[in-house]
Each structure stands twice: as structure tokens, then as C-alpha cells.
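One structure is given below, encoded as C-alpha cells.
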Amino acid sequence: MPELPEVEALRVFLDEQLVGKEIAHVLPVAISVLKTYDPPLSALDGTRVTGVARYGKFLGVEAGGLHLLTHLARAGWLQWKDVLPSGAPRPGKGPLALRVALTGGDGFDLTEAGTTKRLAVHLVRDPAEVPGVARLGPDPLGEDFDLAAFTALLAGERRQIKGALRDQSLIAGIGNAYSDEILHAAKMSPFKPTQNLTEEETAALYTAMRTTLAEAVERSHGLAAGRLKAEKKSGLRVHGRTGEPCPVCGDTIREVSFSDSSLQYCPTCQTGGKPLADRRLSKLLK
């Protein structure tokens, strides 16, 4: 799933490609992709793009006083095309979900792999009309999101720290991959309860979060949309690297599997050398 660093890189890329250009039309191809009907997508025809914004993991294109918001979900992606295919795309079983065509012949496609369709597009007058945006917590890279703000957010939490980091209503933009990376950088178990964090651990977690995300954004800076997936994978230290040596200590990276996801961690760096058991059975909370 694209997370804050990749969506921020897409925002920068699209800002450079779209602002000032005129939209010819927006064509939904997959029935499930469009989540709103008023205003209609045709309201964007002939409007000029004035900006591109990011709201957590949501990407927003601003044109004609309207906001076209996209959440790429787990398997969605954006493909920029200097020259779009001629003719209207036909609905079918392919990955194409929606096309944004500009009057100059260029534009982008939104695609989604697999059979589970979760990619979502909203056209609204105000981004806050989208429930997923309205409930977002603060941006972890925001200038005003300091250690005091982070500490205050965690103060009332009583759950495992990985789940807290992934909760979009608590902190916007962090998902499964970067929560693994942040916890590895902080040398902290993903199962550690938030209520057990000391002041020093909270400070270390805050620093790891800001540093990990900022470095990922920097690595992606200037890359075209088509190269972002490869950059994300190459920059991850533990997530998706089960069985590989930890780049910090050399221990073998382990995995805990769930019904629809998994987490990766280093026992030596994060859990005192002890492998974590299944989440439902583990007693290791340090």
C-alpha cells in the first residue's frame, strides 16, 4: 500500500505535471471506483488544475474549485502518460480504474491490481466531505507536530504501539510498512503497549518516526511515478525482508502473520533477542 512518503512523492510529481493545465475529461472505468455522484465528474471538464495536495494517504487534485481525491488502497497506483491512448477506455477485467485526460493529450491512469477492489475516488467541494479525510489525525511531518503533541496523542492510548502508529485517526499517513521501519529504528517491539512507554522511549519513537519518514520522502524526491514502488522496496530495512539479515546487527529478520497482513522485526534490535509468537499468544510486551 502506498503510504505517506510515496503519496507525497506523487503529490510533488503531479504538481509539476498538472498545475496550470486544462482537464479534458475524467473517465471512470471500474464501476466500484467512484464513491460520489454530486458534483459529477463532468464538472471537471474544461477546468484548469490549480494545485495538488496530500491528506494522509489521500491524493487530491484541485481544479475549478473542486477536489478530486484518491485513496490508492493496498493495490492501487498512478501511471502518468505523456501521450494517452486515443479513444475512450473500455470497462473490463483489466487493472484500469479511472483516467484523467488533459487537453494537451497527456494525463494519468489510476490502476488497481488483483480482484479485491478498494481504490476509491471522490469528487467533492471540500476535502472534509470525504469521511476518511475528515477523521485524519495530524500529519507526522507537519511543522507543528512536535514531541509534546506526539506525547499528548499517546497519553490516552492503551493498545499495542504498532496499531497506534497505523491508526489514521491518531496519526495520518503511516501504514504497515513504515510502522515496521519506525519501530525497528526506535528499537521497540511492535507489541509494546503504549501505556508502558517511558518519556525516553516516547522521545526515541518520535525521532524514529520523523527521521524514517523524512528520509523516505527525500529518497523519493524527483522520481517519476513509475519508479516509486521500486524505491520504496529498496529503502525498507525490515518490512518485507523475512529471513534476511538485519542491516544493523545481522540477526535474522522474523515475521508475525495475521489474517490479512504481516509484520517484520529484528529480535536482537527490538525484542531482546526473543522471537515474538503469534499476536494472540504472545506474552512478550517489552
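Just so we're clear, the structure is a prediction, and the values are computed from it rather than from any experiment. Positions are given from 1, in the same order as the sequence printed here.
- Neither V238 nor V256 shares a network with the other; the hydrophobic side chains, linked directly or stepwise wherever heavy atoms of I, L, V, M, F, W or Y lie under 4.5 Å apart, form separate groups for each.
- The backbone N or O of A128 sits less than 3.5 Å from a side-chain atom of D126, completing a donor-acceptor pair.
- Within a 6.0 Å sphere centred on CZ of R118, heavy atoms belonging to other residues, nucleotides or ligands number 12 at most.
- Side-chain contact check for I23 versus L102: some heavy-atom pair is nearer than 4.5 Å.
- Nearest heavy-atom pair across P140 and L213 is CG-CD1, 3.6 Å.
- There is no side-chain donor-acceptor pair under 3.5 Å between E157 and T194.
- Annotation for W80 and G107: closest pair CE3-O, 3.3 Å, computed over non-hydrogen atoms.
- With hydrogens and angles disregarded, a donor-acceptor distance shorter than 3.5 Å links the side chain of R48 to the backbone of G20.
- Checked by atom type and distance alone, the side chain of Q270 pairs as donor or acceptor with a backbone atom of C266 at under 3.5 Å.
- Among K57, K232, R166, the single residue meeting the salt bridge (charged side-chain N to carboxylate O under 4.0 Å, His left out) criterion with E3 is K232.
- In this structure, A172 and L136 approach most closely via the heavy-atom pair CB-CD2, 3.9 Å.
- There is a path of hydrophobic side-chain contacts, each under 4.5 Å, that joins L183 to F150.
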Task: Criterion side-chain contact (heavy atoms from CB on, under 4.5 Å) on K117 and V33, from CA distance to verdict - done: CA-CA 8 Å; K117 302 301 180 182; V33 68; over 6 Å; no
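- For E244, the CD atom counts as densely surrounded, since its 6.0 Å shell holds more than 12 non-hydrogen atoms of other residues, nucleotides or ligands.
- Taken from CD in E62 to CG in L18, the straight-line distance is 11.5 Å, to the nearest 0.5 Å.
- When side chains are defined from C-beta on, V248 counts as touching R237, because their heavy atoms get closer than 4.5 Å.
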TODO: Under the side-chain contact (heavy atoms from CB on, under 4.5 Å) rule, what do V121 and K35 come out as? Steps first, then yes or no, please.
DONE: CA-CA 6 Å; V121 175; K35 307 303 180 183; over 6 Å; no
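- The aromatic rings of F145 and Y206 sit tilted relative to each other, their planes meeting at an angle between 30° and 60°.
- Once rounded to the nearest 0.5 Å, the distance linking CG of L96 with CG of L98 reads 7.5 Å.
- When atom types are taken as modelled, the side chain of T207 and the backbone of A204 share no donor-acceptor pair closer than 3.5 angstrom.
- Between the T36 side chain and the L123 main chain, a donor and an acceptor come within less than 3.5 Å of each other.
- At a threshold of 4.5 Å between side-chain heavy atoms, the hydrophobic network of Ile, Leu, Val, Met, Phe, Trp and Tyr places V7 and F58 in two separate groups.
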TODO: Step by step, work out the side-chain contact (heavy atoms from CB on, under 4.5 Å) result for E8 and V12.
DONE: CA-CA 6 Å; E8 176 62 16; V12 173; 3.9 Å; yes
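- Counting heavy atoms from C-beta outward, L68 and L41 have side chains that approach closer than 4.5 Å.
- Using a 4.5 Å heavy-atom cutoff, the side chains of P275 and Y265 are in contact.
- Remark: side-chain polar atoms of Q264 are paired, donor with acceptor, to backbone N or O of G240 under 3.5 angstrom.
- In this structure, CZ in R74 is found 6.5 Å from OG in S261, a value given to the nearest 0.5 Å.
- Of all heavy-atom pairs spanning C269 and C246, the tightest one is SG-SG, 3.8 Å.
- Between atom CG of residue L170 and atom CZ of residue R159 there is a gap of 5.5 Å, rounded to the nearest 0.5 Å.
- One finds the NE2 atom of H184 at 6.5 Å from the CD1 atom of I253 (value rounded to the nearest 0.5 Å).
- Using a 4.5 Å heavy-atom cutoff, the side chains of K162 and D180 are in contact.
- Following chains of ILVMFWY side-chain contacts shorter than 4.5 Å, one cannot reach V133 starting from L4, and the two form parts of different hydrophobic clusters.
- Side-chain contact between L72 and L59 is absent, with no heavy atoms from C-beta onward closer than 4.5 Å.
- In plain terms, the two heavy atoms of K274 and T271 that are nearest each other are O-OG1, 2.6 Å.
- Both L110 and L44 are assigned to one and the same hydrophobic cluster, defined by single-linkage of ILVMFWY side chains at heavy-atom distances under 4.5 Å.
- Between F191 and F258, the angle of the ring planes goes over 60°, which puts this pair in the perpendicular group of the 30/60° scheme.
- For S262 against H239, the heavy-atom pair with the smallest separation is O-CE1, 4.2 Å.
- Atom-to-atom distance recorded for L154:CG and E201:CD is 11.5 Å, nearest 0.5 angstrom.
- Between L276 and P190 there is a side-chain heavy-atom pair separated by less than 4.5 Å.
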TODO: Could you please spell out the steps behind the side-chain contact (heavy atoms from CB on, under 4.5 Å) verdict for W77 and L119?
DONE: CA-CA 9 Å; W77 197 244; L119 189 152; over 6 Å; no
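- D139 is listed as a side-chain neighbour of R54, based on a closest heavy-atom distance under 4.5 Å.
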